[in-house]
Amino acid sequence: VSDEPLVRLRVRGNLPLAAEPSGANKPPRLYWPRPGEPGLLIHTVTDETDRLIVATAREVELTHDRAVTISERLYTWPDQVPDAQAALGATRPDVPAGLGATPVRVDDLGTGGRLISNRLYRQRQPGIGWDQPRRFGQLAAHAGPARSGCEMFFLRLFGFDVQIAGGLWRWSWLRPTLMVTPRGPGQAGAFYRWVETNDPLGRARLKWPPRAMVDLRILTGALCGHDLDDPAQASRMFGITWPEDVADPVERLRLEARALVELYGQCVYALAEIAPGMHPADAHSFGSITNHLLGRRYL
Amino acid sequence: MNAFATKLRGVTDLDFGAAASACLGGLFRAIIVGIVMPLALRDIRSAYATMASLLGIGRLFGCASIRTVEHDAGWLLDLLADVAAGGDRIVDRATWLRLGLTFVTLRPRGEWLPATVQLPNGEWRTVVAPLDLSGGTATVHWCDLVAVIAAGADPTALEIVRIFEFRPEGVPRRKARRIRMGSGLLVDPSTEDLGAACIADRALAKATGEEWREGFAKANTNASCYGALGRVDRKTEPQPVETVVIGPDGQRLTVRTRHPETPGPYAFLPAAGAVAAGTRLVMALVRRAVLAAGSEVAAMHADSVAIPTSTTGGWMACPGAPNRRLRVLSHAELDRILAWFAPLGVQFKPEIGTADEPTCGLVVGVNKVIYAQPDGASWRIVRSSDTALGGHVADPSDHAGKRTPDRRWAWSAELQRIAFQALAAHPVDDRPLPALIDPTDLPQWAQRPALRRHTASTPKPLRALRKQTGDPTISPFRCYLRVDTGAGVGGPVAVGSWPDARRWADADFRADGQSVRVQVWAGDRVVWSGGSPRASRVVMARSIAELFLGWLATDDPSMAGPARGLRNPAPVRSTPELVTVVGKDGDELLAYDADLSIIDPASQRLEYGAVHDDTLRDRVRTAGIRAVARESGIAARTIGGWVSGGRTNPHTLTRIITALQTIDTHPHTPEHPCDTCGAPTLRPRYCSDRCAMRHYRHPDAP
């Protein structure tokens with residue numbers, strides 16, 4: 001007679017296949033990179049307590065085989081703008097010859113927030129960055145868990161407020177709130193949605209492409225087949241030099257942003273090569289690329 | 001719409017539920033633990049693609065319909081007999097392709113089968129162990145059944161209930177049906193082999209010499225042949241919704257949850273389960289061949305195996321083995337064993353340990369193996385597992401973020417090297433590994449506190465972080481370090497990433513909205529102190545040295561045997577009453593850096609309910625409730641309530657099953673002596689309830 005104690009077992013249940021699969025209601029969106037396609041790269045540098053020191057927003061354009069910066073701006077806290085501008089002096093922006101007529105400009109974070117709103121929300125340009133949820137979190141003047149009950153955050157960036165009489169302020173009706181839904185506990189990446197505003201320039205126009213966010217951490221991880229938590233590692237995979245041991249935060253920020261623009265260009269064309277028709281913002285993992293490949297049939 | 005939903009013809013819920021219950025994921029077996037030994041690691045090249053090719057999984061993508069076909073046991077029993085006799089039919093590709101997605105329902109009575117069990121410490125783990133379901137049934141893929149025979153079972157003693165197959169048939173009418181691989185290779189799954197195409201795609205990617213292409217081709221292969229088939233997504237809804245799942249008995253179970261699951265667009269769980277079962281069978285056959293050669297497998301993963309192997313072969317000391325010694329194979333012998341699988345197209349890649357580069361290894365526990373080569377008087381770690389020592393523990397060394405050339409964390413590799421060196425110099429005995437390491441051998445930085453790096457990436461950790469720090473303005477996705485107190489509950493936190501460990505003492509550690517002092521003690525003295533010096537509250541932190549010595553502990557409740565040496569899986573005894581139907585594994589849902597002090601892993605797992613199986617109740621009815629009550633010492637009313645459909649706990653069930661076994665073993669006889677006092681009696685074993693209770697309370701008394 002066996003006297004082993006009984007133990008609990010666990011078996012998988014089978015979900016009925018007729019159930020609505022995830023992503024079924026998403027319209028198929030075919031995409032091919034085209035020269036001249038714009039985007040806005042956002043990058044930040046923080047101190048060891050994760051407090052923002054300086055941020056940059058680079059307007060980028062795709063050429064026929066890579067991405068280039070066409071405008072570069074830096075943003076920092078309002079009280080540090082004069083010092084940062086003085087330190088930069090007449091440094092030329094990191095753009096192709098012929099475009100950088102004026103020195104790099106440093107503005108306050110509010111100006112940066114408004115630029116992000118204009119480009120990403122109104123003009124529907126793709127937002128690009130490494131570990132984007134963290135960058136947006138650092139650029140948020142006001143953020144917290146959404147009250148909808150869903151596992152999501154609301155973020156209002158710097159510059160989304162309006163000064164009213166008596167030194168008071170209110171949130172602007174023309175600047176949207178960014179709703180960020182994390183992919184899961186401890187997982188990188190998120191899903192984004194702008195809350196529509198009264199801004200006539202930002203309202204949905206059917207012929208415009210949907211707003212997209214390209215998180216390079218997710219995209220490079222999907223292309224390399226495993227999670228990448230270090231931009232240096234991702235850059236090395238694609239033959240790009242990542243700046244190491246740069247002490248000055250502004251210099252480090254500019255060099256890192258430059259490498260990220262290069263990385264973006266490489267990744268967009270790499271994805272177009274291995275999974276034609278797939279938008280970089282849809283490549284949430286290598287599994288999504290596989291699903292895209294399995295879903296498209298060829299003669 | 002799921003790609004396979006419209007193809008199913010006459011596939012019932014019972015077929016689907018039973019086959020899905022045979023789907024088990026990753027598996028690791030640590031068999032020879034705590035001994036530094038010559039070790040070779042062999043890995044199946046493109047394991048999932050090879051299994052998909054052998055089992056014809058690609059046909060599912062290119063067929064017009066899938067239907068269930070019932071089989072009799074004859075052909076399968078012939079195969080099992082051939083395997084038991086050491087025949088070669090199992091290494092014939094035609095055998096695999098013919099059986100494909102065949103599943104077998106049987107009554108396990110101690111056969112070595114895979115199962116996900118709850119260990120005594122509460123953890124869940126997938127094991128391959130002698131499984132007894134007390135008369136209940138389990139469904140397994142045919143590969144797992146052959147693995148049972150490879151483990152030494154008698155094919156004629158199996159109690160097979162049913163054999164059924166998911167058979168893909170026909171060719172779809174659509175013209176465009178070729179799938180494009182990452183390299184541009186086009187494959188028609190209705191006429192060509194998808195698995196073989198995936199292997200060719202990997203070869204093309206490798207030829208480019210670009211690391212990312214190789215990585216993608218590997219991931220795409222695994223996703224096409226396994227991941228996409230097993231994909232289940234969890235959503236988060238604002239309000240609980242009803243979600244349905246099919247249990248192994250075909251019954252639909254419903255549960256209300258805010259996190260319902262939906263199948264992926266190419267989800268077909270039986271196929272995913274078949275691919276994993278195929279790799280388990282190959283591993284079981286390798287183990288049989290190694291045992292036949294007089295040795296034993298040291299550790300086994302889903303698609304790789306570590307075997308004691310040296311250039312010349314020989315013997316090594318090994319507690320738990322016959323005569324406390326175990327044979328070490330030579331590389332030539334190992335190659336001969338693995339060459340047997342060549343007709344299947346299963347190729348073993350020499351990962352670590354070859355005749356030219358002999359390597360030693362140390363299996364510490366589940367998913368923890370260290371491989372090293374001699375380097376002068378010291379050792380050089382060539383590969384190791386970062387399990388529980390990886391990126392989620394903040395780098396405590398003086399060189400922040402430094403990694404070894406193969407991308408392992410330099411600090412954990414250094415600690416593993418020291419431990420390996422100490423254990424290699426130590427004779428094999430039964431003492432636990434941590435007792436053999438001298439803490440003074442560890443570097444100075446090992447006295448720093450163990451801090452875990454997290455991100456407030458969901459609302460729950462953000463709320464907790466704001467509460468801990470007393471700062472309601474902390475933004476989402478902020479990094480923070482949490483002090484590991486070793487108590488399993490959340491310690492103080494410091495906001496920021498703090499990459500330089502030399503500056504940790506300056507961090508503002510906070511708990512319950514107030515600054516605290518964090519200290520590390522070694523014996524009776526403080527070896528590290530950080531946080532606010534004026535804080536009244538002091539928190540003791542676990543040091544990196546303590547964390548690492550804990551990592552070296554080889555306790556594994558799923559195995560039985562010595563602390564160092566050869567172990568065998570502990571038998572698993574259960575009953576269908578104790579089988580729970582679950583969704584996607586919760587542990588898989590939690591990424592490596594999830595803050596477990598805030599997020600309960602159990603909350604990430606969806607439990608649908610228990611399996612409905614009345615086999616045990618019927619056995620009790622047949623034996624008689626009163627007889628079982630007498631034998632088990634449980635009130636007849638309690639047993640009656642349970643037999644009528646009520647629920648009871650595992651302890652009571654254990655007693656009922658033991659009583660049933662006793663009744664089966666000791667049938668009624670006209671008159672016999674009482675087992676306790678020896679007086680003649682007509683009752684089954686004891687002359688009175690008093691004697692039965694006396695035996696129950698003092699089973700060892702004469």
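Chain letters run A, B, ... following the sequence lines, proteins first, then strands; residues in each count from 1.
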Most chain B-contacting option - heavy-atom pairs closer than 4.5 Å, from A:D50, A:N14, A:V11: A:N14

Geometric class of the A:F153/B:F477 ring pair [parallel <30°, tilted 30-60°, perpendicular >60°]: perpendicular

Any side-chain heavy-atom pair of A:F286 and B:N222 under 4.5 Å: no

Check: B:W212 and A:T220 side chains under 4.5 Å, non-hydrogen atoms: no

Heavy-atom contact with chain B under 4.5 Å, split by part of A:A222: backbone

Interface residue of largest heavy-atom contact number with chain A, from B:V117, B:L24, B:L8, under 4.5 Å: B:V117

Any B:I179 side-chain heavy atom under 4.5 Å of A:R296 side chain: no

A:E151 to B:T458 - nearest heavy-atom pair and separation: OE1-CB, 3.9 Å

Contact summary for A:L9 and B:W124, nearest pair of heavy atoms: C-CZ3, 3.7 Å

Largest heavy-atom contact set with chain A, pairs under 4.5 Å, which of B:P476, B:P248, B:A610, B:A115: B:P476

Selection from B:P459, B:S475, B:A219 maximising heavy-atom pairs under 4.5 Å formed with chain A: B:P459

Proximal component of B:F268, with respect to chain A [non-hydrogen, under 4.5 Å]: side chain

Gap between atom NE2 of A:H142 and atom OG1 of B:T473 - 0.5 Å precision: 10.5 Å

Heavy-atom donor-acceptor pair, B:R231 side chain to A:N291 backbone, under 3.5 Å: no

Under 4.5 Å from any heavy atom of chain A - which part of B:A456: backbone

Under 4.5 Å from a heavy atom of chain A, the part of B:L131 involved: side chain

Interface moiety of B:L186 toward chain A, non-hydrogen atoms closer than 4.5 Å: side chain

Heavy-atom pairs under 4.5 Å with chain A, option from B:V245, B:T221, B:I246, B:V579 with the top count: B:I246

Minimum side-chain heavy-atom gap B:V232-A:L15 below 4.5 Å: yes

Contact winner vs chain A - B:E237, B:R466, B:E210, B:Q239, heavy-atom pairs under 4.5 Å: B:R466

Any B:C479 side-chain heavy atom under 4.5 Å of A:R134 side chain: yes

Side-chain heavy-atom pair A:P16, B:R252 within 4.5 angstrom cut-off: yes

Whether over 12 other heavy atoms sit under 6.0 Å from B:K7 NZ: yes

Residue B:P571 versus chain A: region with a heavy atom under 4.5 Å: both

Gap separating the OG atom of B:S183 from the CD atom of A:E273, nearest 0.5 angstrom: 10.0 Å

Salt bridge (Lys or Arg N to Asp or Glu O under 4.0 Å) partners of A:D131, counting only residues at least two apart: A:R217

Separation of A:Q233 CD from B:R403 CZ (nearest 0.5 Å): 5.5 Å

Value rounded to 0.5 Å, distance of NE2 in A:H226 from CZ in B:F216: 12.5 Å

Whether B:R180 side chain and A:I274 backbone form a donor-acceptor pair below 3.5 Å: yes

B:P499 to A:E48 - nearest heavy-atom pair and separation: CD-CB, 4.1 Å

Euclidean distance, B:T654 OG1 relative to A:L6 CG, rounded to 0.5 Å: 3.5 Å

Note, B:V582 side chain near A:R10 side chain (heavy atom, < 4.5 Å): yes

Check against side chain to side chain donor-acceptor pair (under 3.5 Å), A:T290 and B:N220: CA-CA 6 Å; A:T290 300; B:N220 185 43; 2.7 Å; yes

Contact class of A:R135 relative to chain B, heavy atoms under 4.5 angstrom: neither

Set of side chain to side chain donor-acceptor pair (under 3.5 Å) partners for B:R258, sequence neighbours left out: none

Close side-chain approach of B:P650 to A:R8, heavy-atom, < 4.5 Å: yes

Toward chain A, the part of B:L253 with a non-hydrogen atom under 4.5 Å: neither

Residue B:E211 excluded, over 12 heavy atoms near CD under 6.0 Å: no

Most contacts with chain A, counted as non-hydrogen pairs under 4.5 angstrom, among B:T580, B:V581, B:V611: B:T580

Heavy-atom closest pair, residues B:F4 and A:L17: CB-CD1, 4.2 Å

Contacting region of A:L294 [heavy-atom separation from chain B under 4.5 Å]: both

Interchain contact, B:Y266 with chain A, by part (heavy-atom threshold 4.5 Å): side chain

